[in-house]
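Working notes for the structure below.
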Amino acid sequence: MKPVVAIVGRPNVGKSTLFNRLTRSHLAIVEDYPGVTRDRLYQDAEWNDRKFTLIDTGGIEVNSDDTILARVRKQAQVAMEEADVIIFMCDVRVGVTVEDMEIANMLRRTKKEVILAVNKVENFNKLDDIYEYYQLGLGEPYPISASHGMNTGDLLDRLMELLDDFEDDDYEPDVIKIAVVGRPNVGKSSLTNAILGQERSIVSNIPGTTRDAIDTPFERNGQRYVIVDTAGMRRKSKVAETTTERYSVIRSLRAVDRCDAVLMVINAEEGLIEQDKKIVGYAHEQGKAVILVVNKWDLIEKDDKTSAVMEKKIRSELLFLQYAPMIFVSAQTKQRVSRILDMVNVAVEQNNTRISTSVLNEIIRDAVQLNPPPSDKGKRLKIMYATQSGVKPPTFVLFVNEPEIMHFSYERFLENKIRENFGFEGTPIRFVVRKRSTEE
Ligand code: GDP
Ligand code: GDP
């Protein structure tokens with residue numbers, strides 16, 4: 001699981017400058033999930049093979065009449081809720097301000113690790129100005145210059161030390177890990193309870209291998225599971241809903257990272273919202289099994305066509321996710337809840353399926369005969385050979401003469417052919433296109 005790091009501090013101390021520097025120069029940006037990172041709230045980053053998510057709380061929505069203190073307070077609250085390590089940034093040119101003191105008071109009370117960064121230090125031979133920062137009671141201040149990149153390496157080293165304590169607390173591989181995700185109030189907790197209520201053999205309730213998700217291990221028919229309810233922590237939140245809602249996505253993304261199957265819970269009365277799309281989009285990119293669970297079905301006035309109409313509507317908004325099965329349930333009346341785990345089993349199995357090279361090549365050959373590959377500038381794509389290189393998700397390597405000629409739509413066609421033969425219901429599949437010379 002990727003730890004989360006947040007940068008907080010008054011306006012103009014240099015938070016964005018540091019954020020940009022960390023994500024741009026020092027760190028390889030691992031992924032750019034559409035929509036999620038576009039607003040620059042999150043950036044996945046990597047330093048010395050350590051992956052983490054950086055959040056820039058400077059982007060938090062504020063009311064125009066908010067005082068600076070109120071703004072920074074909001075940031076600190078979000079950071080204290082969502083992050084594992086907080087970088088608190090001050091500006092040496094301004095000195096310790098009343099707001100800095102206030103925020104330090106807040107941060108001292110959190111159990112989270114805090115790194116105190118004193119920015120805009122330009123002369124590292126003359127550090128007298130940073131001594132006053134010891135009074136904040138947050139340990140040793142780190143003098144840095146974000147814009148010149150001075151001492152930021154030391155800051156990163158310290159950060160890595162702290163992140164080492166967040167090693168993956170993973171379960172054994174044969175345990176199926178299920179993340180229940182969705183916006184607040186769709187019924188994640190109710191559904192989790194309904195699923196667990198039918199399974200008498202809950203092993204134990206471990207509140208928080210992470211502090212923000214509740215893990216419940218249980219067993220059914222000899223299969224072990226862990227269900228991760230991402231709703232838990234929010235209830236304790238004192239931050240205005242509007243502020244946290246954007247940031248609460250992080251919690252869902254982290255749960256997705258850790259799990260094998262994602263139960264995307266959708267409110268039958270409201271349908272899909274933008275945030276749902278981001279989360280399942282991420283699950284898709286991460287190669288997870290996905291099941292679309294439309295909850296509160298009891299509240300819908302329906303006839304024999306209602307579910308088909310709703311399914312069609314939801315699917316039209318999730319074109320990349322046609323493989324995900326959909327089920328209409330009520331956590332309240334328990335209608336169809338008992339079928340969810342069966343669907344999880346199937347999807348996880350499909351996510352782990354291998355098909356033999358000979359059968360795969362047969363399918364590809366037939367597909368190519370039916371619909372010849374694209375051509376470009378007089379050259380036609382030739383698929384020499386295909387093989388499955390991995391699972392979770394099933395990944396197929398296509399060896400071709402000219403990888404550039406491969407087209408998204410042709411990949412989609414091959415995907416459909418493979419699915420016609422093998423299903424792969426509930427799991428994304430992936431293609432990797434590699435060049436291989438025709439002479440071989
Ligand atoms: P934020 O509001 O905390 O995100 O602050 P910004 O990153 O936007 O920076 C505010 C101003 O401080 C910008 O003009 C930056 O160029 C400047 N700045 C950032 N880091 C440094 C630094 O290390 N030294 C100096 N002199 N200026 C800096
Ligand atoms: P969460 O924030 O996603 O965990 O949502 P909760 O499980 O706390 O549910 C939010 C509200 O919706 C609660 O008042 C639940 O009683 C209600 N709720 C959850 N599932 C259903 C359902 O299937 N039908 C109806 N009618 N209400 C539900």
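For ligands, and for the atoms within them, numbers begin at 1 and follow the listed sequence.
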Below 30° counts as parallel, above 60° as perpendicular, anything between as tilted: where do the rings of Tyr134 and Tyr131 land? parallel

| query | Hey, what's the ring geometry for Phe431 with Phe396, parallel, tilted or perpendicular (30° and 60° as the breaks)? | reply | tilted

Say whether [X] and [Y], considering side chains only, have a donor N or O and an acceptor N or O under 3.5 Å apart.
| X | Y | value |
| --- | --- | --- |
| Asn416 | Arg419 | no |
| Glu99 | Thr97 | yes |
| Asn193 | Ser190 | no |

Judging by distance only, is a nitrogen or oxygen of [X] under 3.5 angstrom from one on ligand 1?
| X | result |
| --- | --- |
| His148 | no |
| Val13 | yes |
| Ile144 | no |

What do you reckon, are the aromatic ring centroids of Tyr323 and His284 less than 6.0 Å apart?
yes

* ligand 1 contacted by Met89 (non-hydrogen, < 4.0 Å) -> no

### Message
For Met150, state whether at least one heavy atom is located under 4.0 Å from any atom of ligand 1.
### Response
no

Those atoms of ligand 1 less than 4.0 Å from some heavy atom in [X]:
| X | answer |
| --- | --- |
| Lys15 | 1 (P), 2 (O), 3 (O), 4 (O), 5 (O), 7 (O) |
| Arg93 | 26 (N) |
| Ser16 | 1 (P), 4 (O), 7 (O) |
| Arg10 | 3 (O) |

Under 4.0 Å between heavy atoms, the region of Leu18 that gets near ligand 1 turns out to be neither

To atom 26 (N) of ligand 2, the nearest of Leu191, Asn193, Asp298, Val294 on a heavy-atom basis is Asp298

Polar-atom distance check: Ser190 versus ligand 2, any N or O pair below 3.5 Å? yes

Check your understanding: Hey, is ligand 2 close enough to Pro184 that some N/O pair sits below 3.5 Å?
Key -> no

Near Lys188 (heavy-atom distance under 4.0 Å), the atoms of ligand 2 are 1 (P), 2 (O), 3 (O), 4 (O), 5 (O), 7 (O)

Counting from 1 in the order shown, the ligand 2 atoms closer than 4.0 Å to a non-hydrogen atom of Leu299 are 26 (N)

Given 3.5 Å as the limit, does a donor-acceptor pair link the side chain of Lys417 with the main chain of Ile363, or not?
no

d(Leu138 CG, Glu113 CD) to nearest 0.5 Å is 11.5 Å

Only one of Asn351, Thr353, Asp260 passes side chain to side chain donor-acceptor pair (under 3.5 Å) with Lys392, and that residue is Asp260

Quick look: Asn185 vs ligand 2, heavy-atom contacts under 4.0 Å, and the answer is both

Taking every heavy atom of Ile176 against every heavy atom of Val348, the minimum-distance pair comes out as CG2-CG2, 3.9 Å

